[in-house]
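First the structure, in the form of structure tokens, and then the observations on it.
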Amino acid sequence: MVYETEKPEETFELGKKMGAKAKKGEVYCLEGDLGVGKTVFTQGFASGLGISGPVNSPTFTILQQYEDGRMPLYHFDVYRIGDVEEMEEIGYEDCFYGEGVSLIEWPSLVKEILPEEAVWIKIEKDLGKGFDYRKITVEERQGT
Ligand code: ADP
Ligand code: MG
């Protein structure tokens, strides 16, 4: 499925719709360059889960957990991860296979430990279509 947005609010809205439909145990892999809108999408997603507090990019903490929605949200930003083993230390398995929903920015850096079944979301710019244009491709993948 391909979506196109023209401003941050529209990316937020798409995230919100997907967050509202998200189910326990789902893993969302969010790809795209720095500054493309992954965190904007995640903020919408959190809002769709009923999370009210501020959601920021947890770049320096890898995992940020939000408990005040209809189920827990585990927000990973693995941009600065050194080794995939750090994911073990964080206890990612309790997140991926637990009571909430996981969302991972920069999933390609931790490929080894991603579940076979995940929703992949790729956000891309196309400067020919304007500075605020984003193409958002959503794909459910089973296996690799
Ligand atoms: P990332 O987490 O991918 O590094 P952020 O979500 O932190 O990126 O930042 C995206 C930036 O791009 C924000 O400043 C946002 O306002 C801006 N922006 C402009 N147009 C859009 C759009 N259509 N969708 C999402 N963000 C947009
Ligand atoms: Mg971010």
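Scope of the values below: all heavy atoms of this structure, side chains included, with no hydrogens, waters or symmetry mates. Just so you know, ligand 1 is whichever comes first in the structure, and atom 1 is the first atom listed for that ligand.
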- Message: Let me check your reading of the structure: within less than 2.8 Å of the Mg ion (ligand 2), is there an N/O/S atom from Y79?
- Response: no
- Task: Run down the list D132, T42, I123, L14 and name the one with the heavy atom closest to atom 23 (N) of ligand 1.
- Result: D132
- Message: What is the name of the N/O/S atom of E105 that is nearest to the Mg ion (ligand 2)?
- Response: OE1
- Query: Are any non-hydrogen protein atoms located under 4.0 Å from atom 14 (O) of ligand 1?
  - Reply: no
- Atom indices of ligand 1, in the order listed, that fall short of 4.0 Å to a heavy atom of D33: 3 (O)
- Taking the minimum heavy-atom distance to atom 9 (O) of ligand 1, which of G35, G15, P8, G32 ranks first? G35
- Task: Give a yes or no on whether the backbone of V55 and the side-chain of Q43 come within a donor-acceptor separation of less than 3.5 Å.
- Result: yes
- Query: Quick one: nearest non-hydrogen protein atom to atom 6 (O) of ligand 1, plus distance?
  - Reply: V40 N, 3.0 Å
- Message: I'd like to know if the side chain of E10 and the backbone of E6 have a donor-acceptor N/O pair within less than 3.5 Å.
- Response: yes
- Task: Please confirm whether the backbone N or O of V84 pairs with a side-chain atom of E88, one donor and one acceptor, at under 3.5 Å?
- Result: no
- Look at the side chain of R134 and the backbone N and O of Y3, then say whether any donor-acceptor pair between them is shorter than 3.5 Å. no
- Under 4.0 Å between heavy atoms, the region of T11 that gets near ligand 1 turns out to be side chain
- Taking all non-hydrogen atoms of both residues, which atom of S102 and which atom of F96 are closest, and how far apart? OG-CD1, 3.6 Å
- Item | Contact atoms of ligand 1, heavy-atom distance to L34 under 4.0 Å | 4 (O)
- Out of R134, K7, E13, E105, whose heavy atom is nearest to atom 18 (N) of ligand 1? R134
- Side chains of D68 and S52: is there a donor and an acceptor less than 3.5 Å apart? yes
